[in-house]
Protein chains: 2
Amino acid sequence: MATDSPAGEPPPGGTRVDARRNRQAVLDAAAEVFVTSGVDAPIRRIAARAGVGMATIYRHFPTRADLVTAVYRHQIEACAEAGPRLLADADSPFDALRQWIDLFVDFLVTKHGLADALRSDDDRFAALHSYFLDRLLPVCGQLLDAAVEAGDIEAGTQPYELMRGIGNLCIGHENDPRYDPRRLIALLLQGLR
Amino acid sequence: MATDSPAGEPPPGGTRVDARRNRQAVLDAAAEVFVTSGVDAPIRRIAARAGVGMATIYRHFPTRADLVTAVYRHQIEACAEAGPRLLADADSPFDALRQWIDLFVDFLVTKHGLADALRSDDDRFAALHSYFLDRLLPVCGQLLDAAVEAGDIEAGTQPYELMRGIGNLCIGHENDPRYDPRRLIALLLQGLR
DNA sequence: AGGAAAACGGAGCATTGCTCCACTTAATAT
DNA sequence: ATATTAAGTGGAGCAATGCTCCGTTTTCCT
């Protein structure tokens, strides 16, 4: 129920052209609205911006998480793909891990409210949670394993816990110059050694 | 606007007995409801439980944060007071810091949704944020300073950032056996050394 | 007791999530 | 080209919740 084609692109929508057109309109509108109002923006507003009815949004994206996922799919994908590349290119596995986490944090930090949504136990976001995890957990695990094997860090840290923690640390950084998640994340990483 | 007597007890309510009685009824009801439904529970429900109208709650506690603060005041106070005591009794300043953080985490973790509320940028919780910070930040700062002076940890970590991070890490641990904030917090503390 | 001030309570408005269903439209069959 | 039908659409409507307004009730003071 989370998504669709297990390893694939978002569904092209039905075969009907109006369906495809509307789907895209919603995606575009959502992307715009998310920037200004965060991923919690009222569905009504997105519908209005897209020039469609609310039901159309719910039909294409049954839960809010589905919509958010679809909007950010490319970026999540990019982040996932960066993992192996960094592992190959960086000076050390630990360095690869650090750089990858930087990437991940950048992503979360620039999307208003995304981190909040990610940790939410709200049912509406369950699918978002799933997608992030399904896609990024293996990557994180791989980096973690490599760093352990290289002796850079101690074994025993679970990818899930690490990613969850990083996500949490990214919450609510907005409008608060006193709080920079990156510093704490660096500290956390340091504690891993 | 956050609270009342700067360094003191909660206001006794007005002089009128019905006001005092109702205030206490609300506090009791809120405490019960918070346990089962979290600090986000509908005001209506608290009002019903207390046997008062909603306006009465809003009159006594203008914002939700005021109510939450009042309910947990004693425990916040206890946590604040534990700081200096631990510093005196523990084996090392670092150990005092660790124990104090344990106390703080216990507090957050046992209050359903408190951590979420604490980090929220929602205006309704601004006062909660303030109160926590006003009361606990100096304590944390003191512990941190002592640990730095003893050479246990490096200088440069801001109390605000640390507490904020710990609070964030405590978010959403409920119903998720895979996520234990304490492990990550230990890691963070380790990174401080 | 009498009256003023304080407190009260719930109806009411606004916002938002989500659903239901009568209508419209695109694809297809004839 | 037209008719048929299934897919798609939109917005009214209901429920939950936050917060306020104001007529009524209670308390306290003299």
Side-chain angles (χ1 to χ4, degrees), chain A residues 1 4 10-30 33-34 36-68 113 116-117 120-128, chain B residues 1 4 10-30 33-34 36-68 113 116-117 120-128:
Chain A
M1 148 195 343
D4 9 81
T15 28
R16 270 175 65 159
V17 289
D18 55 346
R20 260 200 304 271
R21 178 168 20 91
N22 278 337
R23 189 191 150 86
Q24 193 55 50
V26 168
L27 241 23
D28 293 345
V33 173
F34 284 170
T36 60
S37 310
V39 296
D40 269 324
I43 297 289
R44 269 181 179 75
R45 197 177 329 174
I46 299 172
R49 170 80 80 128
V52 305
M54 278 187 302
T56 297
I57 296 192
Y58 280 107
R59 210 170 307 109
H60 285 294
F61 309 98
T63 74
R64 192 185 215 84
D66 292 320
L67 179 55
V68 175
D116 300 60
S120 175
D121 36 2
D122 192 324
D123 290 340
R124 286 175 302 164
F125 289 107
L128 178 60
Chain B
M1 153 198 334
D4 10 81
T15 25
R16 270 176 64 159
V17 290
D18 55 348
R20 260 200 303 271
R21 178 170 18 92
N22 278 337
R23 188 189 152 88
Q24 193 54 50
V26 167
L27 241 22
D28 293 345
V33 173
F34 285 170
T36 60
S37 310
V39 296
D40 270 322
I43 296 291
R44 269 181 178 75
R45 198 180 324 176
I46 300 172
R49 170 80 79 128
V52 304
M54 278 187 301
T56 297
I57 297 192
Y58 280 107
R59 212 170 303 113
H60 285 294
F61 309 99
T63 75
R64 195 186 213 81
D66 292 321
L67 179 56
V68 176
D116 299 60
S120 173
D121 35 3
D122 192 324
D123 290 339
R124 285 175 303 163
F125 288 108
L128 180 60

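Because the structure is predicted, anything quoted here is derived from the model rather than measured. Sequence lines set the chain letters: A, B, ... in the order given, protein chains first and strands last, and positions in each chain run from 1.
Annotation: of the two residues near DNA chain D, A:G51 and B:I43, the 5′-most nearest-nucleotide partner is A:G51. Along DNA chain C, the nucleotide nearest B:D18 and the nucleotide nearest B:M54 are compared for position; the residue whose nucleotide lies closer to the 5' end is B:D18. For A:Y58 and B:R59, each mapped to the nucleotide of DNA chain C holding its nearest heavy atom, the one lying further toward the 5' end belongs to B:R59.
When the C1' atom of D:dA16 is taken as reference, atom CG of B:D40 falls 14 Å away, rounded to whole Å. Atom-to-atom, CZ of B:R23 to P of C:dA6 comes out at 18 Å; the value is rounded to the nearest Å. For the pair B:D66 CG and D:dC19 P, the computed distance is 12 Å after rounding to whole Å. In this structure, the CZ atom of A:R45 is 14 Å from the C1' atom of C:dG17, given to the nearest Å. In this structure, A:L67 atom CG and C:dG17 atom P are separated by 12 Å, rounded to whole Å. Atom CD1 of B:I57 is separated from atom C1' of D:dT17 by 13 Å (rounded to the nearest Å). The nearest whole Å value for the distance from the CZ atom in A:R20 to the P atom in C:dT25 is 18 Å.
Heavy-atom minimum distance, A:A65 versus A:F125: CB-CA, 3.8 Å.
B:R16 contributes no side-chain N or O that forms a donor-acceptor pair with the base of C:dA7 under 3.5 Å. Under 3.5 Å, the side chain of A:R44 and the base of D:dG10 form no donor-acceptor pair of N or O atoms.
Taking only side-chain nitrogens and oxygens, B:H60 comes nearer than 4.0 Å to OP1 or OP2 of C:dC8. Considering only side-chain N and O atoms, B:N22 lies nowhere under 4.0 angstrom from the phosphate OP1 or OP2 of C:dA7. Regarding contacts with the backbone of C:dA7, every side-chain N or O of B:T56 stays at 4.0 angstrom or more from both OP1 and OP2.
Distance OG1/A:T15 to CZ/A:R20: 7.5 Å, rounded to 0.5 Å. Once rounded to the nearest 0.5 Å, the distance linking OG1 of A:T56 with CZ of A:R59 reads 4.5 Å. Taken to the nearest 0.5 Å, the CG atom of A:L67 stands 7.0 Å off from the CG atom of A:L27.
Residue-level contact check: B:R21 touches the backbone only, with heavy atoms under 4.0 Å from sugar-phosphate atoms and none from bases.
A side chain to side chain contact (heavy atoms under 4.5 Å, CB included) with B:F61 is found for one member of B:V68, B:I43, B:D66, B:I46 and no other, namely B:D66.
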